[in-house]
Amino acid sequence: MGAMTREELQAFRAQKQRAVRAQREADGRTTEVIIGTGTCGIAAGAEVALKAIEDEVAKHALANVVVKRTGCMGLCASEPSVEVVKPGMPGILYGKVDAAVGRRIVQEHIMNDQLVGEYIFDKPAADIMQ
Amino acid sequence: MANQKYLLVCSGESCDADKNHLLQEALQREVAASGLGATVQVVKTGCFGFCAKGPVVKILPEETLYVEVQPSDAAAIVQEHLVAGKPVARLCYDQQQSKLHAKLEDIDFYQKQVRIVLRNCGVIDPDSIDEYITRDGYVALEKVLFEMTPEDVITELRKSDLRGRGGAGFPTWRKWEFTRQVTNPEKYVMCNADEGDPGAYMDRSTLEGDPHSILEAMMIAGYTCGSSKGIIYIRAEYPLAIARLKRAIRQAKEYGLMGDQVLGTDFCFDIEIRLGAGAFVCGEETALIASTEGSRGMPRPRPPFPAVKGLWDKPTVINNVETYASIPVIIMKGGDWYARIGTETSKGTKVFALTGKVKNSGLIEVPMGTTLREIVFGIGGGIIGGKTFKAVQTGGPSGGLIPEEYLDTPIDYENLSKLGSIVGSGGMIVMDEDDCVLDVTKFYLDFSVDESCGKCAPCRIGGKTLLTLLDRISKGTGTEDDLAHMKQLSVAMQRASLCGLGQTTPNPVLSIIRHFEDELNNHIQDRHCPAGKCTALVRFEIDPEACIGCTVCARRCPVNCIAGDRKLPHVIDQERCVKCGACLEACKFNAVIKS
């Protein structure tokens with residue numbers, strides 16, 4: 001993508017936003033695993049959890065699962081934190097996710113639609129951008 | 001078959017674990033008995049921060065919230081809600097028919113946070129400009145470049161009444177307007193990312209989680225004030241934030257959102273990163289400018305203000321990270337929208353790094369006007385281990401301690417200042433009965449003395465003298481005259497110091513003299529530290545009645561100052577005791593007494 005004009009930027013944004021909406025609505029969609037990797041998340045072991053999750057996803061050859069990083073989710077007391085958004089299931093925020101819990105999330109939540117209790121936390125605020 | 005519904009039973013540490021367990025079992029039994037076992041999962045979860053109304057049960061995906069649920073309510077929830085599809089009105093937080101389906105996030109009591117600055121933190125991938133753009137990133141820049149004059153931007157900021165989030169609370173629109181009015185072909189836009197308060201990490205988290213929002217806001221400032229050059233002054237201790245900022249700058253340039261002819265217009269803007277060595281005083285704007293220029297980071301008297309004579313003597317607008325992060329939203333949603341949040345004098349939201357003895361420490365963003373109690377006992381979930389709250393520290397080394405009686409004060413610049421503290425950059429440290437106010441104040445003063453640049457005498461000498469006096473009191477050799485002396489010194493420092501560092505160094509001292517006189521007098525008159533933190537005033541003794549002579553304490557003592565024969569009471573040699581407390585921890589018979 002090279003330098004854009006305003007019109008190009010707007011078209012690009014609209015296309016991206018359509019893609020996000022389509023992702024939410026269409027069938028056979030992708031499960032997103034989002035892990036908080038600010039300095040504090042990393043210090044609490046986010047990289048270890050991330051590796052375990054990626055490894056577990058690869059081991060079971062799960063297509064349609066995307067593991068991505070984000071910044072701080074603000075749950076310092078419960079880091080590392082991981083959000084799982086699977087189509088057809090409510091979005092769930094997990095806290096205190098170590099390697100073992102990360103693997104359980106893949107096996108239980110992503111593969112079997114079972115929530116991994118005890119590690120579920122709540123989002124702190126509504127999204128003002130929605 | 002996949003699950004269709006989930007019953008979440010909140011079981012945070014503040015709730016009664018046994019009761020929640022019974023509730024979970026009851027729900028599970030009911031679900032199984034109704035033949036829903038295959039489609040409904042009952043799970044125990046972490047804390048939802050709704051502890052006052054616990055136990056809480058949340059049903060997903062509809063997000064119905066039931067409060068104060070008893071095990072005997074399980075049948076009703078399963079039969080009425082899951083089987084018949086009707087919410088159980090009597091268990092809802094708000095029992096009005098229209099609000100039965102209220103989501104947790106729509107409930108006022110629960111929903112104390114509003115995320116404006118942190119809107120993208122924990123949501124987008126900070127390394128992806130595409131994700132930022134998808135969430136309306138750079139819409140504000142577009143709007144400013146194509147639809148607004150610099151005057152329009154100032155007007156919008158003025159309506160929003162946004163005040164500087166670095167701590168001082170100076171109206172942002174005025175800063176921008178001063179810089180805009182100065183005629184000079186060369187001006188600078190600076191971002192102060194020299195976050196230095198102990199316990200503060202709001203700016204780091206914002207930069208790490210959403211770097212593009214800062215770049216976008218700095219470009220808006222550039223357009224408004226007539227500058228084409230931005231500089232982010234960030235401490236070298238923030239390597240992840242620096243790496244993400246650098247990548248963000250590269251991406252923005254690649255997309256034509258930064259550099260020459262932004263989005264095809266005549267507006268050009270470039271941003272450079274300068275690393276600071278982590279000197280606290282460099283957060284002061286004139287010291288920050290000196291450090292950026294390559295000189296020693298020392299403040300200079302103002303006026304002239306940076307708006308007139310800043311970096312390389314050119315007009316310069318300097319804002320803090322959090323201030324910048326608010327600006328794209330103000331442009332997109334309008335100044336009036338922003339000004340509806342907050343109090344009369346302080347609009348919008350404030351990010352706090354909530355730490356210390358609270359259960360749910362976290363990075364939080366609340367509307368101005370939220371009370372300290374709502375933060376500490378609501379969002380924070382109260383004190384760890386059921387201990388008693390003592391004080392909350394705001395404003396770092398420039399702030400002070402706020403005791404229990406003022407917890408219902410709505411937070412804004414004026415209110416906290418009246419209490420002898422400040423909003424500051426946003427560190428908020430909660431203290432309990434085990435913390436000694438004198439000990440904490442010594443820590444902050446020691447920090448300020450260490451960070452004083454030494455240029456002016458009130459700060460250099462005053463700070464050191466205050467620390468010496470505090471130290472004396474903590475050792476039990478202080479007098480009442482010392483308190484009067486400290487007050488006098490503090491006032492002199494506030495009035496005569498060159499910059500904000502020296503002017504605010506005495507704040508923690510004045511705040512404990514004001515709010516914790518009794519505790520200070522305990523130290524001075526009774527030679528006693530109620531929290532047991534001031535080691536010189538603490539004494540460890542062994543109760544000869546309780547001691548069975550097991551010798552564990554003697555073996556654990558690092559200085560071998562506990563003597564006694566096996567099966568006979570032991571004795572601590574007070575002369576040699578270093579008061580480490582190892583014997584207290586080691587004793588299984590409660591024979592070691594700390595006083």
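Chain A is the first sequence line, chain B the second, and so forth, proteins listed ahead of strands; every chain is numbered from 1. Note that the structure is a prediction, hence the values are computed from the model and not measured.
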Proximity breakdown for B:V351 and chain A, heavy-atom pairs closer than 4.5 Å: neither
Of the listed residues (B:S128, B:G209, B:A241, B:P126), which shares the most heavy-atom pairs with chain A below a 4.5 Å separation? B:P126
Do the side chain of A:T5 and the main chain of B:L263 share a donor and acceptor less than 3.5 angstrom apart? no
Compare every heavy atom of A:G38 with every heavy atom of B:L240, then report the nearest pair and how far apart it is. CD2-C, 3.9 Å
Residues A:L9 and B:E142: closest non-hydrogen pair is CD2-OE2, 3.2 Å
Interatomic distance, CD1@B:I364 vs CG@A:L75, rounded to 0.5 Å, equals 11.5 Å
Once you round to the nearest 0.5 Å, how far does CD of B:E237 lie from OG1 of A:T39? 11.5 Å
Below 4.5 Å from any heavy atom of chain B, which atoms of A:S78 appear? Answer side chain, backbone, both or neither. neither
Side-chain touch A:R13/B:D136, heavy atoms, less than 4.5 angstrom: yes
With sequence neighbours excluded, residues passing side chain to side chain contact (heavy atoms under 4.5 Å, CB included) with A:K16: A:F12, B:D130, B:T134
Looking at CG of B:L7 and CG of A:L115, how far apart are the two atoms once the value is rounded to the nearest 0.5 Å? 10.0 Å
Salt bridge or not for B:E147 and A:R6, using N-O below 4.0 Å? yes
Which region of B:Q261, side chain (C-beta onward) or backbone (N, CA, C, O), has a non-hydrogen atom less than 4.5 Å from a non-hydrogen atom of chain A, or is it both or neither? neither
Relative to chain B, which segment of A:I42 carries a heavy atom at a distance below 4.5 Å: side chain, backbone, both, or neither? side chain
Flag the pair B:R204 / A:C40 as yes when at least one side-chain heavy-atom distance between them is below 4.5 Å, and no otherwise. yes
Atom NZ of residue position A:K51 - does it have more than 12 heavy atoms of other residues, nucleotides or ligands inside 6.0 Å? no
When you measure from the side chain of B:E208 to the backbone of A:C72, do you find a donor-acceptor pair of N or O atoms at a distance under 3.5 Å? no
For residues B:Y201 and A:C76, determine if any side-chain heavy atom of one lies less than 4.5 Å from a side-chain heavy atom of the other. yes
So, do B:V43 and A:Y119 sit near enough that their side-chain heavy atoms are less than 4.5 Å apart? no
Tightest non-hydrogen contact, residues A:A77 and B:K359, listed as CB-O, 3.6 Å
Output the option from B:L257, B:I133, B:L60, B:T355 having the highest count of non-hydrogen pairs under 4.5 Å with chain A. B:I133
How long is the gap from CD1 on B:I124 to CD1 on A:I34, to the nearest 0.5 Å? 11.5 Å
